[in-house]
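Notes for the one structure printed next.
When reading the values below, keep in mind they use all heavy atoms of this one structure, side chains included, and skip hydrogens, waters and symmetry mates.
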Amino acid sequence: MRVFQKLKRRLSTFLPSVKETEPASAYNLWAASYDSQPDNLMLALDEQLFSGLLNNVNVQNKIVADIGCGTGRHWKKIMDRDPKKIIGFDVSQGMLQILQQKFPQAETHLLINDELQGLQNESCDLVFSTLTIAHIENINKAIAEWSRILKPGGDMIITDYHPKALSKGGKRTFSYNRKTVAVKNYVHTIELIKEITQRLGLQEMGLVEKSIDDSAKPYYEKQNALSVFEAWKGMPIIYGLHLKKPDASL
């Protein structure tokens with residue numbers, strides 16, 4: 001029985017029957033263990049994807065806003081590029097507390113109603129959001145707010161769980177007190193994201209989509225879940241979008 005329950009937890013990422021928890025509550029529970037996930041495929045893929053997109057952006061002496069910053073997974077690589085300031089926003093106070101332990105001088109804000117309180121219009125050179133979009137219900141409002149604070153000529157980078165995987169029943173889950181917790185997601189197609197950003201006048205600079213392939217197989221092997229790997233092989237699992245706000249003065 002214990003073996004069955006253990007296997008069920010491992011496969012629960014793809015089981016639509018797992019009850020979903022609101023992001024703020026879920027990430028408060030997840031915060032303490034979030035940075036201790038060496039075998040988390042999504043975090044590994046996001047690291048690759050975001051790093052590649054960031055290589056196309058100059059952040060030296062720039063003001064950067066991280067929406068859904070969590071524990072600041074990407075902050076060190078950005079700080080190594082000598083920005084003027086990084087500002088983090090997240091719905092989870094628990095995640096922000098971990099970030100501030102890692103970066104004591106960090107400027108962070110609790111994100112409420114998708115509003116970036118305290119940031120003036122066109123005040124940031126780079127706005128990025130990783131593995132967050134699908135947790136946001138009112139995506140039109142959220143992206144409009146991100147665009148509001150972006151300077152002309154500034155860049156926006158978005159990565160997230162691919163909507164095709166979410167539509168098939170994919171979930172972001174973790175274990176807490178021997179129970180599986182799934183974070184609530186909304187399916188926002190890439191076409192919808194493009195429609196919103198185009199309406200806001202943002203230009204698409206690049207789109208990257210990654211699917212589950214043989215490079216992901218070791219992650220499933222470690223979880224004794226090769227059947228899940230075979231079922232999901234070829235499925236788009238994560239995407240990254242690089243956008244820019246045109247500078248009319250140029």
Side-chain angles (χ1 to χ4, degrees), residues 1-21 23 26-27 29-55 68 70-77 92 94-95 98 102 129-135 157-187 189-190 207-241:
M1 185 66 176
R2 289 182 179 178
V3 174
F4 174 76
Q5 291 174 340
K6 187 175 182 181
L7 181 59
K8 184 177 179 180
R9 287 198 301 271
R10 286 170 174 166
L11 300 181
S12 64
T13 300
F14 307 106
L15 293 176
S17 60
V18 178
K19 183 179 179 181
E20 292 186 326
T21 302
Y27 281 103
L29 297 176
W30 202 354
S33 61
Y34 193 81
D35 286 340
S36 301
Q37 301 182 78
D39 299 324
N40 186 309
L41 175 62
M42 287 303 297
L43 295 186
L45 291 176
D46 184 63
E47 176 67 26
Q48 297 172 17
L49 197 56
F50 179 74
S51 295
L53 293 171
L54 186 63
N55 285 335
T71 63
R73 289 184 298 112
H74 297 299
W75 280 40
K76 186 180 184 304
K77 70 174 69 69
S92 166
M95 298 291 270
I98 298 296
K102 294 159 62 177
S129 178
T130 60
L131 302 183
T132 297
I133 283 270
H135 293 322
I157 295 175
I158 296 169
T159 75
D160 203 12
Y161 209 123
H162 203 288
K164 289 184 178 179
L166 292 175
S167 296
K168 191 178 178 180
K171 293 181 180 294
R172 280 176 266 206
T173 66
F174 62 98
S175 294
Y176 184 79
N177 286 345
R178 298 184 179 182
K179 294 182 179 180
T180 297
V181 179
V183 190
K184 188 170 186 178
N185 284 304
Y186 302 89
V187 179
T189 66
I190 294 176
L207 171 66
V208 182
E209 299 175 84
K210 287 184 176 291
S211 299
I212 295 177
D213 58 20
D214 286 334
S215 66
K217 189 174 182 179
Y219 291 88
Y220 292 89
E221 287 178 329
K222 290 180 181 179
Q223 300 296 325
N224 293 327
L226 284 178
S227 61
V228 177
F229 169 75
E230 294 298 337
W232 282 68
K233 189 175 180 180
M235 171 65 64
I237 193 68
I238 191 171
Y239 74 94
L241 184 60

Measure the spacing between [atom1] of [X] and [atom2] of [Y] and express it to the nearest 0.5 Å.
X	Y	atom1	atom2	answer
T130	L53	OG1	CG	11.0 Å
Y239	L45	OH	CG	14.5 Å
I158	L49	CD1	CG	12.0 Å
H74	T159	NE2	OG1	6.0 Å
R73	D35	CZ	CG	8.5 Å
F50	L43	CZ	CG	13.5 Å

Is there a donor-acceptor pair under 3.5 Å between the side chain of [X] and the backbone N or O of [Y]?
X	Y	value
N177	K179	no
E230	S227	no
H135	Y186	no
S92	M95	yes
K102	T71	yes

So, for [X] and [Y], which heavy atoms are closest and what is the spacing to 0.1 Å?
X	Y	value
E221	L226	CG-CD2, 3.4 Å
A165	I237	CB-CD1, 4.0 Å
S167	V187	OG-CG1, 3.4 Å
R172	N185	NH2-OD1, 2.9 Å
H162	I190	NE2-CD1, 3.5 Å
A26	V181	CB-CG1, 4.4 Å

With side chains defined as the heavy atoms from C-beta onward, is the minimum distance between [X] and [Y] less than 4.5 Å?
X	Y	value
T21	W30	no
I98	Y34	no
K233	Y220	no
I238	L131	yes

Hey, what's the ring geometry for Y176 with F174, parallel, tilted or perpendicular (30° and 60° as the breaks)?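 If you compare the ring of Y176 with that of F174, the planes turn out perpendicular.
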Closer than 4.0 angstrom, basic N to acidic O: yes or no for K77 and E47? yes
Using the side chain to side chain donor-acceptor pair (under 3.5 Å) rule, take S215 and D213 through it: C-alpha gap first, then chi angles, then the decisive distance, then the call. CA-CA 5 Å; S215 66; D213 58 20; 2.4 Å; yes
